[in-house]
Amino acid sequence: MTTLGSKTSTTTSPRQPRLMTRKRWVIIWLAFVGLSINYLDRSSLSVALPFMGKDFELSATQQGLIFAAFFWAYDFFQLAAGWYVDKVGPRRSFSLAALWWSVFTMVTAAASSFWSLFAARFLLGAGESPAPSTAAKVVATWFPVRERAFATSIWDSGSRVGAVIALPIVTLIVAFTSWHAVFIIIGVLGIIWAAVWWKYYRSPEEHPSANAAEVSYIQEGGARGSANDDEGAAKLPWRSLFKYRAILSMMFGFFCLNSAIYFFITFFPSYLVKERGFNLLTLGFFGAIPGICAVLFGWLGGYLADRAVRAGSPVSKVRKTVIAGGLAGGSVIMFAAIVPEAWMALALLSIAYSSLAVAATGIWSLPADVAPSSRHVGSIGGLQNFASNLAGIFTPVLIGILVDQTGSFVAPLAVIGAISLVGAANYLFVIGKIEPLKVKAAA
C-alpha cells in the first residue's frame, strides 16, 4: 500500500467502514452550514427591504437593480471562481469567500443611498461566487464515488434551507432591534463560520483526525485527489475545457434547471398571492412546503443514487436517470397554473421543486465525475454554475414580460416546463457518457 501524508495505509479494506473514522461527514455538514449562511446572507435584503422604507426612498426599478447587482457580480465572477478554487484549495477559498461576503453583509447596514446599497450587493455577489464550486471540490476530494451524490445533496440543500429560514430570522431580528442589526448579526455569524472552517478543514491526507482506514477508503473509492491524477491530464489548460461536448452540455443543461428553480426564488410568492389568493399568514405557512419538500427529496435522491452505484449500476446511467428524471418531473410546473384548486397547484409545485432538487444533486456531482484531474473540478463547477446563473438574470425578466402581456402565469409556467423537458433531453442524448474527460492531443 502507499503512504498518504503522515498516515501509513495498512491492509484495511474499503469494505470495513466500522474501522474508519467518519470525518468526511463532519466536513460535508460543515459545508452545509456554510452554504446555508451563504443563502441567508443573499436572501436577507429581500426580507429586510420592506422595513428599510423610512431610510431609503427607492422606486421599484431601483429595487430591481439592487437585487440584480448581486447576480451580475455573482455570475460574472463564477468563471474565475472555479479556477481560483482549484488553485488555492477548499480550505483557503471557502474561508476567504465567507470572510469577504460576511464583511459586505455587515457593510450593508451602513448603506445610506441607492449607490451604496448597490455597491454592497455587488461586492456581496463577488464574494459568494466561490462557494458552490468549493463545495463540489470538497465532495470530489473527500468522498468516494459511491457516496458522492448523497454528500452533494447535503451541501446543495443548504441553498434551500438558507432561503427558507431567512424570513423568520430576519423578521425576528427586526422586531426586537432594527434592520441594521440584521446584517450585523448575520455577518458576524459568517465570520465565525469562516474561522471554524479554516481551523477544521484539511485534505484527507493531511487531516489529523482522519485515520488511515478512512483515507484509504476515500482514495480507493475514486475520490478526485492529487494522488490519483494523471500528470498529463492535470496540465490541461482551463480554456481547453470549452472544446468538450460534455462541458458545453453541462452548461446548457444547468441553465435549463435553473430556469425553473429561479421561479421559486423570484415569482413564487407573487404567484401564490395574485393567482391563488394567499394572504400573509397562509403564504408564510404553506409557501414553505415546496422548499421543505425539495430539501428532503434532494437528500433521498442522493441517497438512492449512491445506493444504485454501490449495487453496481454504471455511474453514467445513474447520473442520467437522476438528472433527466428530475428535470422531467420538474416540468409538471406547467400544470400548476391551470388546475382549479390552490392545494392542487401547491402539490404540483412541491413535486416540481422536489424533482428539480433531485436533478441538482446529480448535476453538482458531474464536475467530480467528468474532471480530467482533481485540478479541474472547481473550474468545471464554475463553468456550469456561470451558465446556470444566466437564468437568474434572464428568466425573471421573461416571466415578468409574459405575465404583463397575458395577465396570468399560465404562459410563463408553460415555457418553464418546456425548458425543463429540453434540459432532460440534453442530459439523455447530448452529454455523452459520463466519465473523466480524455485529454485531446490538440488541447
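Residue numbers run from 1 in the order of the sequence given. Quantities reported herein were computed from a predicted structural model and do not represent experimental measurements.
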Review point. Could you walk me through whether Y353 and F297 pass the side chain to side chain contact (heavy atoms under 4.5 Å, CB included) check?
Key: CA-CA 9 Å; Y353 202 7; F297 279 93; over 6 Å; no
Nearest 0.5 Å, please: how far is [atom2] in [Y] from [atom1] in [X]?
| X | Y | atom1 | atom2 | result |
| --- | --- | --- | --- | --- |
| I363 | L257 | CD1 | CG | 4.5 Å |
| I416 | F263 | CD1 | CZ | 6.0 Å |
| T141 | E205 | OG1 | CD | 8.5 Å |
| I380 | Y244 | CD1 | OH | 9.5 Å |
| L35 | L40 | CG | CG | 12.0 Å |
| S354 | L300 | OG | CG | 10.0 Å |

With sequence neighbours left out, write down each residue that passes side-chain hydrogen bond (donor to acceptor under 3.5 Å, both in side chains) with [X], or none if nothing qualifies.
| X | answer |
| --- | --- |
| E147 | R24, Y217 |
| T105 | D41 |
| D156 | R160 |
| R276 | Y271 |

Review point. Parallel, tilted or perpendicular: which describes the rings of Y74 and F71, with under 30° parallel and over 60° perpendicular?
Key: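 Plane angle over 60°, so perpendicular.
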State whether the side chain of [X] and the backbone N or O of [Y] hold a donor-acceptor pair below 3.5 Å, judged by distance alone.
| X | Y | result |
| --- | --- | --- |
| S116 | S112 | yes |
| W100 | L123 | yes |
| H376 | L437 | no |

Taking [atom1] in [X] as the centre, count heavy atoms belonging to other residues, nucleotides or ligands within less than 6.0 Å. Is the count above 12?
| X | atom1 | answer |
| --- | --- | --- |
| W198 | CH2 | yes |
| F176 | CZ | no |
| F118 | CZ | yes |
| F67 | CZ | yes |

Check your understanding: Can you list every side-chain hydrogen bond (donor to acceptor under 3.5 Å, both in side chains) pair that touches residues 292-305, not counting sequence neighbours?
Key ->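 Found S157-W299.
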Taking the side chain as everything from C-beta on, heavy atoms only, tell me whether [X] gets closer than 4.5 Å to [Y].
| X | Y | result |
| --- | --- | --- |
| I323 | L366 | yes |
| F268 | P290 | yes |
| L421 | L327 | no |
| K274 | V403 | no |
| F150 | W25 | yes |
| F242 | L383 | yes |

What pairs with [X] under side chain to side chain contact (heavy atoms under 4.5 Å, CB included), at least two apart in sequence or on another chain?
| X | value |
| --- | --- |
| E341 | W343, M344 |
| S316 | K320, K433, I434 |
| A97 | W101, P130 |
| V161 | F32, S36, I165, V295 |

Least distance between heavy atoms, [X] atom then [Y] atom:
| X | Y | result |
| --- | --- | --- |
| A210 | W142 | CB-CH2, 4.0 Å |
| S355 | G330 | CB-N, 3.5 Å |
| N38 | A131 | ND2-CB, 3.5 Å |
| T361 | S153 | CG2-CB, 3.4 Å |
| G417 | S331 | O-CB, 3.4 Å |
| P412 | L402 | CA-CD1, 3.7 Å |

Exercise for review: Would you please test I401 and V397 for side chain to side chain contact (heavy atoms under 4.5 Å, CB included) and show each step?
Suggested key: CA-CA 6 Å; I401 291 173; V397 176; 3.9 Å; yes
Review point. Taking it one step at a time, do V170 and I173 satisfy side chain to side chain contact (heavy atoms under 4.5 Å, CB included)?
Key: CA-CA 5 Å; V170 172; I173 294 173; 5.9 Å; no
Point to revise | Option from S93, S133, S203, P90 for which side-chain contact (heavy atoms from CB on, under 4.5 Å) with V138 holds | key: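 By the side-chain contact (heavy atoms from CB on, under 4.5 Å) criterion, V138 pairs with just one of S93, S133, S203, P90: P90.
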Exercise for review: State yes or no: are the ring centers of W193 and W197 separated by less than 6.0 Å?
Suggested key: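 Between W197 and W193, which both carry aromatic rings, the centre distance is below 6.0 Å.
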Point to revise | F264/L356 under side chain to side chain contact (heavy atoms under 4.5 Å, CB included): CA gap, chis, key distance, verdict | key: CA-CA 11 Å; F264 291 94; L356 296 168; 4.2 Å; yes
Check your understanding: Under the ring pair (Phe, Tyr, Trp, His ring centres under 6.0 Å) criterion, do H207 and Y201 qualify, and how do the steps go?
Key -> CA-CA 7 Å; H207 202 289; Y201 185 85; 7.7 Å; no
Sequence neighbours left out, what pairs pass salt bridge (charged side-chain N to carboxylate O under 4.0 Å, His left out) with at least one residue falling in [range]?
| range | value |
| --- | --- |
| residues 168-197 | none |
| residues 354-370 | R148-D369, R319-D369 |
| residues 71-93 | D86-K137 |

